[in-house]
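Structure, as structure tokens:
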There are 2 protein chains.
Amino acid sequence: MTTIYDIAKLANVSAMTVSKVINNTGSISEKTKAKVRRVMEELNYVPNQMARGLVTQQTRLLFLLITDITNPFYTTLARGAEDAARKYGYRLLFGNSDESLEKESGYLDTILGARADGVLFSPAGDRSLPHLQKLRKQKIPFVLLDREVPGMDCDVVLGDSKEGAKLLINHLAERGHRRIALINGSSEISSARLRAQGYAEAHKLNDLELNEDYVLETDYTSHQDLRVMSGWLDRLSPRPTAILACNNILASEAIETIRAKGLKVPDDISVVCFDDLGYMSRISPFLTVIAQQAYEIGYLGTQLLIERIQDKDGQRPWKKLILPVELISRSSVADISGQG
Amino acid sequence: MTTIYDIAKLANVSAMTVSKVINNTGSISEKTKAKVRRVMEELNYVPNQMARGLVTQQTRLLFLLITDITNPFYTTLARGAEDAARKYGYRLLFGNSDESLEKESGYLDTILGARADGVLFSPAGDRSLPHLQKLRKQKIPFVLLDREVPGMDCDVVLGDSKEGAKLLINHLAERGHRRIALINGSSEISSARLRAQGYAEAHKLNDLELNEDYVLETDYTSHQDLRVMSGWLDRLSPRPTAILACNNILASEAIETIRAKGLKVPDDISVVCFDDLGYMSRISPFLTVIAQQAYEIGYLGTQLLIERIQDKDGQRPWKKLILPVELISRSSVADISGQG
DNA sequence: TTGTACGCGTTATCAG
DNA sequence: CTGATAACGCGTACAA
């Protein structure tokens, strides 16, 4: 591949002159600049970022690790991160951990090996802690997105999970629901814990009875979810009149489970969940959801990260941003306040 | 950051020995290996891939460039690519060009600069040709996904767009539709052209009249789409009884447009499109679609790419894989064969 | 305004 | 089995 030496030879200058032209450092006559640039064009020269990074000790590369690339919440978040990165002159690369600690670890090696300048990290769960510690030890700045990890002080940007759960329960309670089940993600995920808390608190506020059987903990994205849900729902007696699913995928699984039993949503069971479905909601405005500001979480997180990178070894305190959520009411909830 | 020299010093060996332990090259006594490994653990050592890549001239990094990260078609494709890459010991990074040649060009620089071993490329359109030529000139192997680019001979993996369009038109024709509009993507995108062809051919086969006014060409993902569609639909007289949208996003916009006029889908206008909605289809099994084998396109494309990479300067012919599509019939099509 | 020497962290080559 | 040396492509510091 072409190097600055190839360019230098053809342009009859030294390699250093080429380097200076590329980086606009030092002072080079317009004439030489033009000449060098012409040769670079001809040879389709692209600076080797590895060599460059090796000497400058920075890559201007940001890395975004998300846990589910098929979830509109994360892809919208990615868009926000991308826009912010672009604005500040950084490049952004994505990785998808698929909720797996193992895959996460693989991406960590990629990140560490590539010496990314910073990382936007949506951790698979609390057990991601060692991964974060690794990052910290190598002094690579990172910002947690969507999920916190106990034991790690750092910048975080979150949606207001607890408040979201409360809004959802209130919404259901207002419509006469008193038996509301919760299909939660793993309790090793901070947002799932917060949502469970909101669920519980809202129950007290609305004077609803809490029933442990009504709470199901699942892995996100598990292929077993459907089977587990089905058995769980069968065992529930009396049947809940509503289900709060902790993300859109769980909601889709819940709906499939319900329908497989010949029941209808919302006639027999209402379903609400966290995270909107992007433009898919336009096609069938069905699910009542808590919409998080996904784009903003990505955008603000990236800004925070870049500030950290640029204010090297500055000792200002960690920031924790909690963005408000919004309830979008559609048609997956039945009003049963007239009955019973 | 820790280097092999730090390790070497602490382990009382030379840097070379450390390198050999890392790469399992040469022969090192088990004892030294163990010692070196212990020190690496302690210091959380991660090899610098930049330095490594500089000397080995390979990165074992693959790059996947997609045009819309929020579209389930591409994210499913990404999953397939990821799995294949992992299987063969490569790392996969994503970029999102957002249908923009400019952003695509930015990612191209990243890819070229990072000296990726290979690229999975879903081009923004025909005008991506110079980008591909750049890649070719630098001898970086690539495989085109989902879209071809005229003038560029290379490996390609596609869904069968023409056949898909035909299936959709046949499906509509069988249900009595004779005025079917087409909302297409830019004619600078190969898949859009093929879909238009399939649309036209199926019209002839079904003895339907072709009406140019019934064909709308849009940018994918344009914010203007909604306004344009609205005006276009108003001008159509008589109104089409069905619309074929060339991807799921266009379909969502079409549906929104239709509903904004107080019309119903499918009662007043039926809507079908390309690409399924992933798990979202479970929530509301509404849209009748042509499902492409997104996962397989990603997986096979990656396999093809890796073969190319490993069989360096082999002169075997380019492969063009066209994967079959499947029509999934749901409820966005009305049967009007009984009426007039 | 331009060029030389050196080092970034690693591996290939070859010598011990 | 282990180590010294050069080289990968580039930028910094300094010299010319």
Side-chain angles (χ1 to χ4, degrees), chain A residues 1-37 39-40 43-61 109-117 138-140, chain B residues 1-37 39-40 43-61 109-117 138-140:
Chain A
M1 233 184 219
T2 37
T3 73
I4 45 172
Y5 287 96
D6 302 323
I7 311 284
K9 203 172 291 175
L10 276 175
N12 273 316
V13 294
S14 78
M16 261 316 78
T17 306
V18 177
S19 170
K20 282 169 187 160
V21 172
I22 294 172
N23 299 292
N24 258 312
T25 52
S27 41
I28 306 286
S29 73
E30 283 307 324
K31 211 161 110 189
T32 358
K33 272 190 193 173
K35 192 170 51 178
V36 169
R37 290 211 174 103
V39 178
M40 291 200 299
L43 299 196
N44 279 108
Y45 172 74
V46 182
N48 186 324
Q49 298 297 344
M50 296 188 285
R52 189 188 281 214
L54 213 48
V55 20
T56 61
Q57 299 287 36
Q58 62 149 349
T59 56
R60 292 201 84 76
L61 222 56
D109 287 343
T110 306
I111 293 168
L112 254 18
R115 303 294 193 262
D117 283 356
Q138 311 287 347
K139 298 199 174 145
I140 298 186
Chain B
M1 233 183 219
T2 37
T3 71
I4 44 173
Y5 285 95
D6 301 323
I7 311 285
K9 203 173 292 175
L10 276 175
N12 274 314
V13 294
S14 78
M16 232 18 305
T17 306
V18 177
S19 171
K20 281 171 186 158
V21 172
I22 294 172
N23 298 292
N24 259 312
T25 53
S27 40
I28 307 285
S29 73
E30 282 307 323
K31 212 162 108 187
T32 350
K33 272 190 192 171
K35 192 170 52 179
V36 169
R37 290 212 176 102
V39 178
M40 292 201 298
L43 299 196
N44 280 107
Y45 170 74
V46 181
N48 186 323
Q49 299 295 346
M50 295 188 285
R52 193 190 283 222
L54 211 49
V55 23
T56 62
Q57 301 287 34
Q58 63 149 350
T59 56
R60 292 201 82 76
L61 223 56
D109 287 343
T110 307
I111 292 168
L112 255 17
R115 302 294 192 262
D117 282 355
Q138 311 287 346
K139 298 197 175 147
I140 299 186

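Not measured: the values here are computed from a predicted model. The analysis underlying the following values was restricted to heavy atoms, covering all of them including side chains, and did not include hydrogens, waters or symmetry mates. Here is the naming used below: chain letters follow the sequence lines, and residue numbers restart at 1 for every chain.
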Exercise. Between B:N48 and B:T3, is any pair of side-chain heavy atoms under 4.5 Å apart?
Worked result: no
Exercise. Looking at B:S19, does any N or O in its side chain come under 4.0 Å of the phosphate oxygens OP1/OP2 on C:dT11?
Worked result: yes
Exercise. Which part of the nucleic acid does A:T32 contact within heavy-atom distance under 4.0 Å: base, sugar-phosphate only, or nothing?
Worked result: sugar-phosphate
For this session: Nearest whole angstrom, please: distance from the P of D:dG11 to the CD1 of A:I28.
Result: 13 Å
For this session: Specify the separation, in whole Å, of atom CG of A:L112 and atom P of C:dT10.
Result: 12 Å
Exercise. Does a nitrogen or oxygen in the side chain of B:Y5 sit under 4.0 Å from OP1 or OP2 of D:dA4?
Worked result: no
Exercise. Among D:dG3, C:dT1, C:dT11, which is the nearest nucleotide to the side chain of A:S29?
Worked result: C:dT1
Problem set entry | B:D117 side-chain N/O to B:R60 backbone N/O, donor-acceptor pair under 3.5 Å | yes
Exercise. At under 4.0 Å, does any side-chain N or O of A:S14 touch on OP1 or OP2 of C:dG3?
Worked result: yes
For this session: Check the distance between D:dG3's P and B:K9's NZ and give it to me in whole angstrom.
Result: 15 Å
Exercise. C:dG9, D:dC10, C:dT10: which one has an atom nearest the side-chain heavy atoms of B:L54?
Worked result: C:dG9
Exercise. Between the main-chain N or O of A:N44 and the side-chain N or O of B:Q138, is there a donor-acceptor pair closer than 3.5 Å?
Worked result: yes
Problem set entry | Closest heavy-atom pair and its distance - A:Q49, B:M50 | O-SD, 4.2 Å
Seminar exercise, completed: The residue among B:V18, B:V13, B:L10 that forms side-chain contact (heavy atoms from CB on, under 4.5 Å) with B:V39 is B:L10
Exercise. What pairs of residues pass the salt bridge (charged side-chain N to carboxylate O under 4.0 Å, His left out) test when at least one of them lies in residues 20-31 of chain A, not counting sequence neighbours?
Worked result: A:E30-A:K33
Exercise. Separation of B:M1 atom CE from C:dT10 atom C1', in whole Å?
Worked result: 15 Å
For this session: Answer with base, sugar-phosphate or nothing: what part of the nucleic acid does B:Q57 contact at a heavy-atom distance below 4.0 Å?
Result: sugar-phosphate
For this session: Could you state the atom-to-atom distance from CE of B:M40 to C1' of C:dT10 in whole Å?
Result: 14 Å
Exercise. Which whole-number value in Å describes the distance from A:K33 NZ to C:dT1 P?
Worked result: 9 Å
Problem set entry | Whichever of B:V55 and B:K20 has its nearest DNA chain C nucleotide further upstream toward 5' | B:V55
Exercise. Atom CD of A:Q138 to atom P of C:dG9: distance rounded to whole Å?
Worked result: 13 Å
Problem set entry | Candidate nucleotides D:dG3, C:dT2, D:dG9, ranked by approach to the side chain of A:N48 - the nearest | D:dG9
For this session: Side chain of A:A51 only, please: which of C:dT10, C:dT1, D:dC10 is the nearest?
Result: D:dC10
Exercise. With a 4.0 Å cut-off on heavy atoms, is B:S27 in touch with a base, just the backbone sugar-phosphate, or nothing at all?
Worked result: base
For this session: Measure the distance from CD1 on A:I22 to C1' on D:dG11 and round it to the nearest whole Å.
Result: 10 Å
Problem set entry | Minimum-distance nucleotide to A:M16 side chain [options: C:dA5, D:dT2, D:dA4] | C:dA5
Exercise. Between A:I4 and B:A15, which has a closest nucleotide on DNA chain D that is more 5'?
Worked result: B:A15
